[in-house]
There are 2 protein chains.
Amino acid sequence: MTAEEENLRADARANRDRILDVAREALAADPTASLSSIAKAAGVGAGTLYRHFPSREALVLGVYRTEIDALVDLAPRLLAKHPPLEAFRLWCDRLAKFGRMKYGIADIVHAATSEQNIQETYGPLINAVREMMDACKGSGDIHPEVDAEDLLMLLGLLWRIPPNAAGQARTKRLLALIFRGMGAKNTAAPDAVPS
Amino acid sequence: MTAEEENLRADARANRDRILDVAREALAADPTASLSSIAKAAGVGAGTLYRHFPSREALVLGVYRTEIDALVDLAPRLLAKHPPLEAFRLWCDRLAKFGRMKYGIADIVHAATSEQNIQETYGPLINAVREMMDACKGSGDIHPEVDAEDLLMLLGLLWRIPPNAAGQARTKRLLALIFRGMGAKNTAAPDAVPS
DNA sequence: TGAAATAACGGAGAACTCTCCGCTTAGTCA
DNA sequence: TGACTAAGCGGAGAGTTCTCCGTTATTTCA
């Protein structure tokens with residue numbers, strides 16, 4: 001997953017970084033900012049932007065790469081400190097919270113689920129989920145036939161929920177439903193969700 | 001929900017019908033057919049098409065309105081013939097099947113979940129779900145706190161699954177997970193899903 | 001029936017996405 | 001260090017989406 005960043009000619013790499021910098025600001029200010037305006041602001045042609053990020057989704061994923069990596073890193077750390085099921089619950093809460101912060105951009109990420117050019121960023125996320133699920137299966141906390149990709153699909157849904165009070169309640173209900181659907185017993189207090 | 005069809009001037013209504021006719025064919029042939037090409041084929045200006053259907057989603061929902069209505073009508077008929085939970089399961093299977101047939105268009109429908117101008121078509125679907133869920137709650141088959149809109153969000157997800165063999169397996173797994181999440185006991189044979 | 005009122009039309013045009021391909025330049029090797 | 005060779009650039013342009021608003025048609029009602 002670093003292949004896209006290494007083996008790049010110096011100028012290409014500089015352009016890539018510059019585009020990401022500009023895009024981070026532009027998208028934060030307005031999630032619908034046009035790609036051509038981002039290209040112009042970064043001082044590159046549209047072709048250059050599209051070569052590096054073939055779609056809006058790819059660019060967004062690039063921009064939030066850091067946050068996604070952090071989420072991936074979090075998984076083993078939680079597993080080390082908590083029983084599997086609890087670790088998994090906490091991780092999902094964090095994932096939901098991340099989506100809540102990025103609402104308006106989240107649907108783009110979600111739409112990207114099945115695109116190949118996204119798999120590179122998406123893959124590590126799947127691995128993190130799988131790792132946690134395997135731990136939970138090992139401890140008998142969830143059904144063994146539940147699939148990591150299935151689950152990530154469901155979790156991606158959480159990112160499409162508006163970040164208001166009603167949305168937070170819905171997130172809580174859906175997470176509860178999903179965990180129950182995976183066969184988890186009601187061990188966690190439903191109010192233990194950190195804000 | 002008929003307000004959009006009544007109170008229309010004669011020419012407007014004729015245009016609306018013609019657009020739907022043309023769009024049905026054009027979208028069946030190519031789900032990415034441009035809206036301007038559809039407008040041209042229907043012999044109306046772009047403005048007219050957009051006034052009737054403010055977005056691609058609205059047009060698609062209009063085109064599949066018949067099928068959606070059929071799905072809505074199906075709910076009470078199933079409830080009359082089967083125990084609540086079984087009726088609900090059968091209905092969800094039909095919903096999944098519908099999505100499978102319309103793959104490529106389904107994501108558009110899914111994306112429209114929170115748009116107001118879609119609520120008219122979306123509303124009856126929610127009502128159908130609520131009706132079945134209430135029956136299931138009445139018979140104690142599912143948890144009382146599960147929400148109809150939550151569930152429809154989850155079911156909408158099924159429409160985004162590719163209609164191949166792997167996709168069908170995933171659909172089955174997800175439906176099983178969702179029903180388990182709602183608190184349903186494993187009553188239905190997992191192979192009872194009609195193709 | 002003949003205006004007046006207003007619902008609806010339709011296409012020009014602004015803004016955008018994405019591709020194509022001739023040109024430029026970084027890396028390489030004798 | 002001077003060319004050679006791809007990798008990379010960038011902008012023109014084709015195709016879209018969606019809006020705006022002057023024009024046209026349908027109702028209504030006197």
Side-chain angles (χ1 to χ4, degrees), chain A residues 2-23 26-27 29-63 104-105 107-109 111-112 115-118, chain B residues 2-23 26-27 29-63 104-105 107-109 111-112 115-118:
Chain A
T2 47
E4 65 188 5
E5 285 164 12
E6 290 161 9
N7 303 106
L8 273 187
R9 228 169 67 174
D11 54 347
R13 187 176 183 101
N15 275 333
R16 187 180 202 278
D17 292 346
R18 200 144 23 82
I19 290 170
L20 280 177
D21 275 354
V22 167
L27 289 178
D30 172 16
T32 70
S34 81
L35 297 194
S36 37
S37 74
I38 291 176
K40 187 177 291 181
V44 302
T48 300
L49 190 152
Y50 276 89
R51 196 168 336 95
H52 284 293
F53 305 100
S55 63
R56 175 173 282 265
E57 300 91 87
L59 180 59
V60 170
L61 276 183
V63 165
I105 289 180
D107 57 343
I108 290 165
V109 175
E115 311 286 331
Q116 305 90 317
N117 63 11
I118 306 297
Chain B
T2 46
E4 66 188 4
E5 286 165 9
E6 289 162 11
N7 303 104
L8 273 187
R9 228 169 67 174
D11 55 346
R13 187 177 184 101
N15 274 333
R16 186 178 202 280
D17 292 347
R18 199 144 24 82
I19 290 171
L20 279 177
D21 275 355
V22 168
L27 289 178
D30 172 15
T32 71
S34 81
L35 297 193
S36 38
S37 73
I38 290 176
K40 187 178 291 181
V44 301
T48 299
L49 190 153
Y50 276 89
R51 197 169 333 98
H52 283 295
F53 305 100
S55 64
R56 176 173 281 266
E57 302 91 87
L59 180 59
V60 170
L61 276 184
V63 165
I105 289 179
D107 56 342
I108 290 165
V109 177
E115 311 286 332
Q116 304 90 319
N117 62 12
I118 306 297

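All chains are named by letter (A, B, ...) in the order of the sequence lines, taking the proteins before the strands, and each is independently numbered beginning at 1. What's counted below: heavy atoms across the whole structure, side chains too, no hydrogens, waters or symmetry copies.
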(request) Would you please name every residue forming a salt bridge (Lys or Arg N to Asp or Glu O under 4.0 Å) with B/Asp30, sequence neighbours left out? (result) none
(request) Hey, which sits more toward the 5' end of DNA chain C by its nearest nucleotide, A/Arg51 or A/Ser36? (result) A/Ser36
(request) Mind calculating the distance between CG (B/Asp30) and C1' (D/dT16) to the nearest angstrom? (result) 13 Å
(request) Starting from the 5' end of DNA chain D, give me the residue, B/Arg9 or B/Leu35, whose nearest nucleotide shows up first. (result) B/Leu35
(request) Measure the distance from CZ on A/Arg16 to P on C/dA26 and round it to the nearest whole Å. (result) 20 Å
(message) Of the listed nucleotides (C/dT17, D/dT19, D/dC9), which one gets closest to any side-chain atom of A/Ala12?
(response) D/dC9
(message) What is the separation between atom CG on A/Asn15 and atom P on D/dC9, rounded to the nearest whole Å?
(response) 5 Å
(message) So if I take every side-chain heavy atom of A/Thr48 and compare against C/dG11, D/dG10, D/dT17, which nucleotide ends up nearest?
(response) D/dG10
(message) I need the CG-C1' distance between B/Asp11 and D/dA25, as an integer number of Å.
(response) 6 Å
(message) Contact between A/Leu20 and A/Leu59 at the side-chain level, heavy atoms closer than 4.5 Å - yes or no?
(response) yes
(message) Is the phosphate of C/dA8 approached by B/His52 (side-chain N or O, under 4.0 Å from OP1 or OP2)?
(response) no
(request) Let me know the distance between CD1 of A/Ile38 and P of C/dC18, rounded to the nearest Å. (result) 12 Å
(message) Between P on D/dA7 and CG on A/Asn7, what's the gap in Å once rounded to a whole number?
(response) 11 Å
(request) Find the distance B/Arg18:CZ to C/dA8:P and express it as a whole number of Å. (result) 15 Å
(message) Apply side chain to side chain contact (heavy atoms under 4.5 Å, CB included) to residues A/Glu57 and A/Leu61 and explain how you reach the verdict.
(response) CA-CA 6 Å; A/Glu57 300 91 87; A/Leu61 276 183; 5.5 Å; no
(request) Find the distance A/Leu8:CG to C/dT25:C1' and express it as a whole number of Å. (result) 15 Å
(request) Compare every heavy atom of B/Ala26 with every heavy atom of B/Ile38, then report the nearest pair and how far apart it is. (result) CG1-CB, 4.0 Å
